[in-house]
Amino acid sequence: MAVKIIESCVNCFACAPVCPSKAIYEAKPHFLVDSKKCTECEGDFPVFQCASICPIEGAILDSLGLAINPPGSLTGIPP
Amino acid sequence: MQLPVLNDASSHAEHGKKGGCEASSCGTTETQMDAIPDSIREKIQNHPCYSEDAHHYFARMHVAVAPACNIQCHYCNRKYDCSNESRPGVVSELLTPDQAVKKTMAVAANIPQMTVLGIAGPGDPLANPERTFETFRRLSEEAPDIKLCVSTNGLALPDAVEELAKHNIDHVTITINCVDPEIGAKIYPWIFWKNRRITGVKGAKILIEQQQKGLEMLIAKGILVKVNSVMIPGVNDQHLAEVSRVVKAKGAFLHNVMPLISEPEHGTFYGVMGQRGPTPEELQDLQDSCSGDMNMMRHCRQCRADAVGMLGEDRGDEFSLDKIEDMDIDYPAAMEKRKVIHQAIQAEMDSKRLEKTAKAEQQKQQPKLITRPVLMAVATSGQGVINLHFGHAKEFLIYEASPEGVRFISHRKADQYCGGDSTCGDGESTLQLTIRALAGCEAVLCSKIGYEPWEMLEAAGIAPNGEHALEPIEEAVLAVYKEMAVAGKLDDVPESVRAVA
């Protein structure tokens, strides 16, 4: 049970400090989630913290591999 | 503490004895500066962003230490990796606080005119409090002769005021595009607030409340606050006069209205959806109604978040990480040298300010013309003189000449953010774009000009003029204006004026 950051990440650092489990770390070419540490915020917050501040649609996937912020959901630009 | 309001009638009365160019609005900053109390004037007179004549002499830099943001604006695209553009929110190299301190000191030693260090992004500086404050803390200790400033969207501002005051930061810029949440919802699709993403009117309402609260807290601490607004036609253009009234009443010392930048290739919501920016005329009208005589920010260049150098230039490439790595900076020695150079610049600025005042006095004694105002474009690379080839100008300064004198109006970009290519997407040449950018001007003053642009300018009704190379701008503009008057080009006097005459 963990979220995943994929290659569309722009390395903006926003997610790392808001993670309650310190599961997100800086890496090349983009930030990554330590799947052993990620709790999907369970017990801490009702919503994914990383995906709630991430500005890039599709950059963070849930445990099923689906975009938590699908195209159009953040920028308002129709997909 | 309540800071005086610039356009307040009572403060004008109090400082009624203005400098020499009171009647003439001669394009210098004396009239603007004289309306300001000494305590503020001292802080801003050498700041290239706040003082029109200082920006010809002093340089600024931004360090990109703040990547994260806590809101989304429709004019911003968070994929900020382009190095060919110069606009806010764009950087090519993110710095750690340690690298930022090193870079700042390297620039200060090599460009002694650099007096101001700002943190402006590429995200929101206060959404990256550790990185931002670490940079400020170290710089105020290690390079105390550099002024520090920061700009923010305001969401995290109330929590940061205490810390900002500690680092002795005396200028803060808040971007406030609205005071009405309904309008805000058309500009800000979401904010991140108390562990949730909040969209629409609800998010905009929180952002506006935080901005206003932060503004009040900064004023109470005696920290200077400038407010930036992005003018978005059809969204907030009618509303910005209200914003101006509110922020000035609360004590902001400046309200800077900037045009929306929205090219489709920037990938922003506004760019992709075809939201246009204002025309130069629309912008000028709004700036006039928001700032009155206080046109102190007309030279604002909307710098990118890692800009280095004089306003309008970017020398960031000379100070990339690998290059500063090899530089060995003796800052105490550099500080001595900087002090001497700053004093020399100050002396020159003071004497030029005096000279302008004297000339304006002289001007007042002469019989007044009864002619219509004229806009002219000027090509300059600084020092207040006409010293740039038309073809080399990336931007033009626009001056208005009238019987009242000469006044600086704005700058207009010649290359419209395009990098290098001689043709643009829509098939117009750079020259055609430049001529379009000069719409409304009747003359263009430069050091030299080629045959082809000469003909095209004439055809467009803009008189090219290379006869005043190396002359002070205001004098040259006035001379050309008088020539136009003598030649009978200004005879179409408006009815009202003719009646008085």
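Reminder, nothing fancy here: chain letters follow the sequence lines and each chain counts from 1. Fair warning: this is a prediction, and the values are worked out from it, not measured in the lab.
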Cut-off 4.5 Å, heavy atoms of chain B, and the answer for Asp44(A) is neither
Contact origin within Ala16(A) toward chain B - heavy atom pairs under 4.5 Å = neither
Is atom CZ of Arg196(B) surrounded by more than 12 heavy atoms (other residues, nucleotides or ligands) closer than 6.0 Å?
-> no
Kindly give the heavy-atom pair with the smallest separation between Cys69(B) and Ala14(A), and that separation in Å.
-> O-CB, 4.2 Å
Ile77(A) versus chain B, the contacting section by heavy-atom distance below 4.5 Å = both
Residue from Ile198(B), Val272(B), Asn195(B) scoring the most non-hydrogen pairs under 4.5 Å with chain A is Asn195(B)
Quick one: are Leu74(A) and Arg197(B) in side-chain contact, heavy atoms under 4.5 Å?
-> yes
Value rounded to 0.5 Å, distance of CD1 in Ile53(A) from CH2 in Trp190(B) = 6.5 Å
Under 4.5 Å from a heavy atom of chain B, the part of Pro17(A) involved = neither
Side chains of Phe13(A) and Arg131(B) in contact at under 4.5 Å (non-hydrogen atoms) | yes
